Amino acid sequence: MLDEERPSFQRAISPGEGAQPQRTDPHQADAQQTDRREQRSEQGSEQQSKERSETRSERRSEAQLAVTVYGFATTGKLFVEHCSTRNVSHSGCCIHLRTLPQADTALALRLLRWGLSAKAAAQLLYQVVWVQKDEDGWLVGASSLGPADLYSLAFPGTP
């Protein structure tokens, strides 16, 4: 029989041979999903940051005020972090955090005096508006949710 006349058969794959289903650790899968979410967030935030700076109508001060921030991290756990502002205005502020806060959630901020957060100090509520990856943490843009603001506390008597 010539090779041309031979019927062609596919070789059967025996058990244990061929592609095996990949088993993934659920914690690893969550971390990968979070990484992808952060990458998408970073790309969008850079463009939003540029648009915000072009449309900003309110005066901002580059004041670096020490604050204590209370909020919820993307892990769902409450965090408390001492950090500083990058800038402040009457309607919002930009802060640098090491913890990634949940998007669109409230943050409570207390102004630190001499490195201490006084229990009697005013607690101000802000809402996370945008988050951008920074060298060693996150830049967070926050909008004031109340009549009191960091700008008025830092610069009393200013309009």
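Only heavy atoms go into these numbers, but all of them, side chains included; no hydrogens, no water, no symmetry mates. Note that the coordinates shown come from a computational prediction; the quantities given were computed from them, not determined experimentally.
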When the side chains of residues 95-104 are checked against the rest of the protein, which donor-acceptor pairs come out under 3.5 Å, sequence neighbours left out?
from	atom 1	to	atom 2	distance (Å)
His96	NE2	Asp134	OD2	3.2
His96	NE2	Asp136	OD1	3.1
Thr99	OG1	Glu81	OE1	2.8
Gln102	NE2	Ala73	O	3.2

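- Thr75 pairs by the side chain to side chain donor-acceptor pair (under 3.5 Å) definition with nothing, not counting sequence neighbours.
- Phe72 and Val131 end up in different hydrophobic clusters when Ile, Leu, Val, Met, Phe, Trp and Tyr side chains are linked at under 4.5 Å.
- Put simply, the side chain of Thr85 gets close to the backbone of Ala63: a donor and an acceptor are under 3.5 Å apart.
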inquiry  = side chain to side chain contact (heavy atoms under 4.5 Å, CB included), that's the test. Do Lys133 and Trp138 meet it? Break it down for me.
reply    = CA-CA 5 Å; Lys133 181 77 174 133; Trp138 304 93; 3.5 Å; yes

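- Side-chain atoms of Ser143 do not come within 3.5 Å of backbone N or O of Gln127 as any donor-acceptor pair.
- Cluster annotation: Leu109 and Phe79 are assigned to the same hydrophobic cluster (Ile/Leu/Val/Met/Phe/Trp/Tyr, side-chain heavy-atom contacts under 4.5 Å, transitive).
- The closest side-chain heavy-atom distance from Val67 to Leu124 is not below 4.5 Å.
- Pairing each heavy atom of Gly146 with each of Ser144, the nearest pair is O-OG, 3.1 Å.
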message = Working note: Val140 + Tyr126, criterion side chain to side chain contact (heavy atoms under 4.5 Å, CB included); need CA distance, chi angles, decisive distance, verdict.
response = CA-CA 11 Å; Val140 178; Tyr126 284 79; over 6 Å; no

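- Contact between Leu65 and Leu150 at its shortest, heavy atoms only, is CD1-O, 4.2 Å.
- For Val69 against Cys83, the heavy-atom pair with the smallest separation is CG2-SG, 3.5 Å.
- To the nearest 0.5 angstrom, Glu62 atom CD is 10.0 Å from Arg86 atom CZ.
- No continuous path of ILVMFWY side-chain contacts below 4.5 Å connects Leu107 to Leu145, so the two sit in separate hydrophobic clusters.
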